[in-house]
**Student:** 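Below you'll find the structure I mean.
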Amino acid sequence: MTSISRDEVAHLAHLARLDLGAEELDHYASQLDVILQAVARISEVTADDIPAMSHPVPMTNVFREDVVTASLNRADVLSMAPAVEDDRFKVPRILDEE
Amino acid sequence: MSQTTYVPFEQALKVYEPVFGLETHVELGTKSKMWCGCSTDFGADANTQVCPVCLGLPGSMPVVNRVAVESTIRIGLALNCSIATWCRFARKNYFYPDMPKDYQISQYDEPLCFDGYLDVTVETPEGPQVVRVEIERVHMEEDTGKLTHAGGATGRIHGADYSLVDYNRAGIPLIEIVTKPVSGTGALAPAVARAYVSELRDVMRALGVSDVRMEEGSLRCDVNLSLNRPGEQWGTRSETKNVNSLRSVERAVRSEIERQASVLDLGDRVIQETRHFHEDTGRSTSGRSKEQAEDYRYFPEPDLVPVAPSDAWVEQLRSTMPEMPSVKRARLQAEWNINEFELASLVNAGALDLVEASIAAGVDSVAARKWWTGELLRVANDTGVELADLQVSPGQIREIEELIALGALNDKLARQVFEGIIHGEGDVASVIAARGLAVVSDDTALLAAIDQALSAQPDVADKIRSGKVQAAGAIVGAVMKSTKGQADAAKVRILLLERLGVSE
Ligand SMILES: [Zn+2]
């Protein structure tokens with residue numbers, strides 16, 4: 001039976017750059033565990049001859065032609081940024097990365 | 001922490017065998033981005049080529065660029081790959097501000113093209129050697145935004161705690177070409193790696209799918225490398241990123257062989273890690289530890305339906321394939337009747353297509369090769385640009401050659417015409433007019449110059465009169481000097497001998 005450990009939740013929180021405290025980790029670990037166990041019931045009825053489905057509609061090859069269309073107005077774009085400098089999005093530097 | 005003593009390359013190869021692999025990213029030259037209609041033009045003002053799709057705004061939906069898929073299939077065909085009959089895109093999740101969606105759409109275990117090869121030629125002391133580099137996969141993804149860390153191009157200001165992001169590049173179609181591990185090349189490994197990237201670049205150019213300018217980042221390489229002792233299992237590999245020129249590919253392989261050999265010689269273990277290559281030092285430094293693939297939590301991209309190229313589509317694309325560079329080189333070598341070394345010098349200079357185009361424009365084959373690998377290459381090297389970027393056209397070379405044939409220009413003057421063209425002084429006629437470069441063909445003017453030279457050197461004049469014709473060179477030289485090189489030396493010599501009543 002699937003279950004998610006507190007360490008796994010802590011790892012996922014790190015990947016998503018979420019700062020979770022000890023209590024929050026316990027809280028989410030138990031909640032996620034319930035969700036995973038509910039979803040895991042599906043695996044009880046699947047068989048090897050049924051491929052995993054990723055797309056509910058049997059369509060392929062949906063393309064657009066290589067044509068340039070209008071982009072957004074920059075002032076509008078930058079108005080959504082938390083901070084702006086030099087016409088660019090100003091973001092916190094991620095530590096230990098180039 | 002920092003490794004300062006490296007085992008010399010030759011010594012490392014006496015003990016260890018290198019195994020390397022290359023991951024090459026190529027930005028496609030489509031007009032619009034991979035999933036949206038934003039322009040891909042290089043050099044636009046920051047954040048002017050963005051829209052809800054490439055900014056990852058809620059509710060926006062990507063749609064695949066048909067030409068990007070076609071270009072990828074053509075790349076796969078050029079690299080002798082099988083083309084998938086059905087494949088999906090995948091979400092690669094990671095949290096970093098270069099991707100506003102917090103994921104990159106890529107392909108995971110279902111690449112569009114797989115199992116190919118590219119034959120490359122390397123020079124060895126025993127002559128050219130062909131090495132087959134096997135291709136693991138060619139897959140489609142999107143480029144990321146460009147981050148500038150506070151502190152500018154040279155690095156960050158100490159203590160600066162922010163970065164600036166331009167999303168113009170986010171969503172530009174990116175192709176990743178991954179080789180299988182290349183083993184058994186020994187001391188040739190750096191040269192094979194370089195030759196592979198160089199050949200790959202030529203293939204992309206021939207296909208017309210990318211401008212493959214390494215200096216603009218439209219072709220970028222990561223080098224995976226490990227060492228092992230003969231007969232032993234392959235060692236732990238490192239991944240060197242940021243290898244962005246042909247010279248750097250060669251240096252990165254060489255440097256990593258030396259570095260790992262020094263680690264192993266001390267009895268230490270090579271760490272599986274990402275390293276960053278530095279152009280200035282030719283060495284790499286340790287980066288963050290490699291994230292495991294599972295940390296990316298790949299899953300099938302729900303917003304894009306699978307791509308399923310039909311046989312008919314693939315065959316139609318196959319019919320658009322141009323002559324491959326290796327085939328073209330062999331053909332031109334035969335057509336121009338040149339040896340391997342002459343061919344290699346043309347290829348290394350990046351002159352092959354330019355010479356071919358010049359000949360097509362009507363320039364004699366010997367003259368075309370002479371200008372492109374002589375004067376023009378010298379200027380390109382002196383100014384640090386590619387030959388193709390000199391802005392000299394095949395038509396201009398033909399015009400200049402025609403003027404030389406008419407006696408209106410000589411080689412020395414022609415070089416000045418090229419200089420004028422390269423400096424943006426206009427076309428051939430305007431440069432000649434503005435710089436006053438026409439050969440002096442007026443006999444009266446030449447005779448006046450000859451008389452002046454004779455009276456300045458009466459002893460030489462006497463020698464020539466007495467039959468020492470070889471002394472004529474001094475007078476011809478003086479005339480060429482006084483006419484600033486704008487006379488035809490052969491004609492000056494004839495006029496001089498006539499003047500003195502001497503025959504050869
Ligand atoms: Zn866009």
Side-chain angles (χ1 to χ4, degrees), chain A residues 2 4-5 7-20 32 35-36 39 42 51-98, chain B residues 30-32 35-40 45-52 54-55 57 63-69 86 88 93-97 100 102 145 147-150 156 160-167 241-242 276 287-288 291 295 297 299-302 304-310 313:
Chain A
T2 308
I4 189 162
S5 70
D7 285 348
E8 285 171 317
V9 175
H11 180 61
L12 289 170
H14 168 72
L15 290 176
R17 304 313 193 251
L18 292 174
D19 186 15
L20 297 186
L32 287 168
I35 293 169
L36 283 173
V39 175
I42 293 170
M53 185 184 68
S54 58
H55 295 76
V57 184
M59 286 173 75
T60 58
N61 297 345
V62 176
F63 302 122
R64 39 174 278 275
E65 298 309 317
D66 183 24
V67 175
V68 174
T69 55
S71 294
L72 292 174
N73 176 289
R74 181 164 70 190
D76 294 340
V77 169
L78 295 177
S79 71
M80 296 183 283
V84 175
E85 185 175 305
D86 198 17
D87 294 326
R88 290 162 171 84
F89 289 72
K90 187 175 177 181
V91 298
R93 185 166 69 79
I94 310 289
L95 288 171
D96 304 325
E97 304 228 13
E98 286 289 326
Chain B
T30 52
K31 296 187 194 75
S32 66
W35 330 111
C36 64
C38 288
S39 169
T40 59
D45 287 343
N47 293 307
T48 54
Q49 294 170 351
V50 293
C51 74
C54 54
L55 284 174
L57 300 188
V63 188
V64 181
N65 185 329
R66 179 196 301 275
V67 173
V69 176
W86 189 88
R88 289 176 294 190
N93 297 279
Y94 69 97
F95 193 89
Y96 195 60
D102 289 344
L147 261 68
T148 314
H149 299 291
R156 5 179 133 106
D161 59 352
Y162 63 91
S163 302
L164 301 176
V165 200
D166 171 9
Y167 288 117
K241 290 189 172 292
N242 210 23
H276 294 281
R288 66 197 154 108
E291 275 185 87
D295 285 345
R297 292 153 289 145
F299 62 85
E301 171 56 58
L304 294 169
V305 300
V307 174
S310 66
W313 191 20

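Being a predicted model, the structure only gives us computed values, none of them experimental. In what follows, chains are A, B, ... by sequence order, proteins preceding strands, each numbered from 1.
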**Student:** Below 4.5 Å from any heavy atom of chain A, which atoms of P52(B) appear? Answer side chain, backbone, both or neither.
**Tutor:**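 Both parts, backbone and side chain.
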**Student:** With a 4.5 angstrom heavy-atom cut-off, is it the side chain or the backbone of L304(B) that approaches chain A, or both, or neither?
**Tutor:**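 Just its backbone gets close to chain A.
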**Student:** To the nearest 0.5 Å, what is the distance between CG on L12(A) and CD1 on I4(A)?
**Tutor:**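 Reported value, rounded in 0.5 Å steps: 5.5 Å.
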**Student:** Among V69(B), V165(B), D45(B), which residue forms the greatest number of heavy-atom pairs with chain A at distances under 4.5 Å?
**Tutor:**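 Highest number of heavy-atom pairs under 4.5 Å: V165(B).
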**Student:** Counting heavy-atom pairs closer than 4.5 Å to chain B, which one of D87(A), T69(A), N73(A) comes out on top?
**Tutor:**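 Heavy-atom pair counts peak at T69(A).
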**Student:** To the nearest 0.5 Å, how far apart are NZ in K90(A) and OH in Y162(B)?
**Tutor:**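 The OH atom of Y162(B) is 5.0 Å from NZ of K90(A), to the nearest 0.5 Å.
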**Student:** When only pairs under 4.5 Å are counted, which of D166(B), T30(B), L57(B) shares the most heavy-atom pairs with chain A?
**Tutor:**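 Of D166(B), T30(B), L57(B), T30(B) has the most heavy-atom pairs under 4.5 Å with chain A.
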**Student:** Does any heavy atom of chain A fall under 4.5 Å from the side chain of C54(B), the backbone, both, or neither of them?
**Tutor:**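 Neither part, no heavy atoms under 4.5 Å.
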**Student:** For D19(A), is the CG atom crowded, meaning more than 12 foreign heavy atoms sit under 6.0 Å from it?
**Tutor:**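 No, not enclosed.
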**Student:** Does any heavy atom of chain A fall under 4.5 Å from the side chain of P302(B), the backbone, both, or neither of them?
**Tutor:**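 For P302(B), the contact with chain A is made by the backbone alone.
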**Student:** Quick test of your reading: applying side-chain hydrogen bond (donor to acceptor under 3.5 Å, both in side chains), list the pairs with at least one residue in residues 57-67 of chain A, sequence neighbours left out, ordered by first then second residue.
**Tutor:**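 Found R64(A)-S32(B), E65(A)-R66(B), D66(A)-S32(B), D66(A)-N65(B).
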**Student:** Could you tell me if Q49(B) and Y167(B) have a donor-acceptor pair between their side chains, going purely by distance under 3.5 Å?
**Tutor:**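 Y167(B) vs Q49(B): no donor-acceptor pair found between side chains.
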**Student:** Nearest 0.5 Å, what's the CH2-CZ distance between W86(B) and R88(B)?
**Tutor:**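 Between atom CH2 of W86(B) and atom CZ of R88(B) there are 4.0 Å.
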**Student:** Could you pull out all residues at least two apart from R88(A) that satisfy salt bridge (charged side-chain N to carboxylate O under 4.0 Å, His left out)?
**Tutor:**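 With sequence neighbours excluded, R88(A) shows a salt bridge (charged side-chain N to carboxylate O under 4.0 Å, His left out) to D86(A), given in chain and number order.
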**Student:** Is it the side chain or the backbone of L55(B) that comes within 4.5 Å of chain A heavy atoms, both, or neither?
**Tutor:**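 The side chain, not the backbone.
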**Student:** Is it the side chain or the backbone of V67(A) that comes within 4.5 Å of chain B heavy atoms, both, or neither?
**Tutor:**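 Answer is backbone: N, CA, C or O of V67(A) sit under 4.5 Å from chain B.
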